[in-house]
Structure formats: C-alpha cells, structure tokens
Engineer: 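Sharing a structure below in structure tokens format, with a few things to ask.
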Amino acid sequence: MDYLTTEQVAEQLGISIRRVQAMVKAGRLPAERFGRALMIREGDLSLVADRKPGRPAKEQELAPTPKKSLGRKEAKKASENGQ
C-alpha cells in the first residue's frame with residue numbers, strides 16, 4: 001500500500017492541507033510520522049470519503065440577545081411613561 005503526503009491527500013480530497021492535518025489530529029484520518037512529515041495510507045482515504053463537503057455550520061446561540069441599555073435621557077422618559 002502506498003503512502004501519500006498531506007499535500008497529495010488534500011489535492012485528492014479537494015480540501016486544504018490544514019483540513020487534512022485537522023482530520024488527523026481529530027483521529028478521523030490515521031497517519032504516521034516519518035521525520036516531520038505526516039504520511040497517510042492511500043487506503044485510509046475511504047474513512048473520510050463520506051464526509052460532507054465544505055465547512056460545518058456554526059451552531060445557533062440559544063440565549064436571547066441582550067437588550068440595549070438606555071442612556072440617562074431615555075431612562076428618564078421610560079420612567080415617566082411608566083415603562
């Protein structure tokens with residue numbers, strides 16, 4: 001079985017080298033170190049072949065957005081109006 005560099009894997013998968021390194025770090029893509037280089041077995045690419053393309057969506061915040069604080073004049077008007 002042949003080994004591929006992170007650059008070659010990135011090119012084959014259509015992603016950046018940093019994304020390949022992140023998948024290795026997260027344990028989704030096994031790799032071996034040869035000196036300073038990360039090498040990935042060509043057969044292991046099937047482990048990430050079913051991934052969704054693009055960046056994952058950020059999760060929406062569930063907490064309500066804080067209300068804008070009132071200035072001194074606005075607070076005085078609100079208190080006069082009984083709010």
Engineer: Measuring from L47:CG to R41:CZ, what's the distance to the nearest 0.5 Å?
Structural biologist: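 L47 CG to R41 CZ: 11.5 Å, rounded to 0.5 Å.
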
Engineer: Once rounded to the nearest 0.5 Å, what's the spacing between atom CD of E32 and atom CG of D44?
Structural biologist: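 Atom-to-atom, E32:CD and D44:CG are 9.0 Å apart.
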
Engineer: Is any side-chain heavy atom of E42 closer than 4.5 Å to one of Y3?
Structural biologist: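 Of all side-chain heavy-atom pairs linking E42 with Y3, none is under 4.5 Å.
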
Engineer: Treating R19 as the side-chain partner and A22 as the backbone partner, does any N or O pair qualify as donor plus acceptor under 3.5 Å?
Structural biologist: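 Flag not set: sc R19 to bb A22 has no pair under 3.5 Å.
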
Engineer: Quick check for you: to the nearest 0.5 Å, what is the distance between M39 atom CE and D2 atom CG?
Structural biologist: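 Taking CE in M39 and CG in D2, the distance rounds to 9.5 Å.
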
Engineer: Taking atom CD as the centre, does E7 end up with more than 12 heavy-atom neighbours from other residues, nucleotides or ligands that are less than 6.0 angstrom away?
Structural biologist: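 Yes, enclosed.
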
Engineer: Does V9 sit in a hydrophobic cluster with other residues, and if so which ones, taking ILVMFWY side chains as linked at heavy-atom separations under 4.5 Å, directly or through other members?
Structural biologist: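 Taking Ile, Leu, Val, Met, Phe, Trp and Tyr as members, V9 shares its hydrophobic cluster with L4, L13, I15, V20, M23, V24, L29, L38, I40, L45, V48.
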
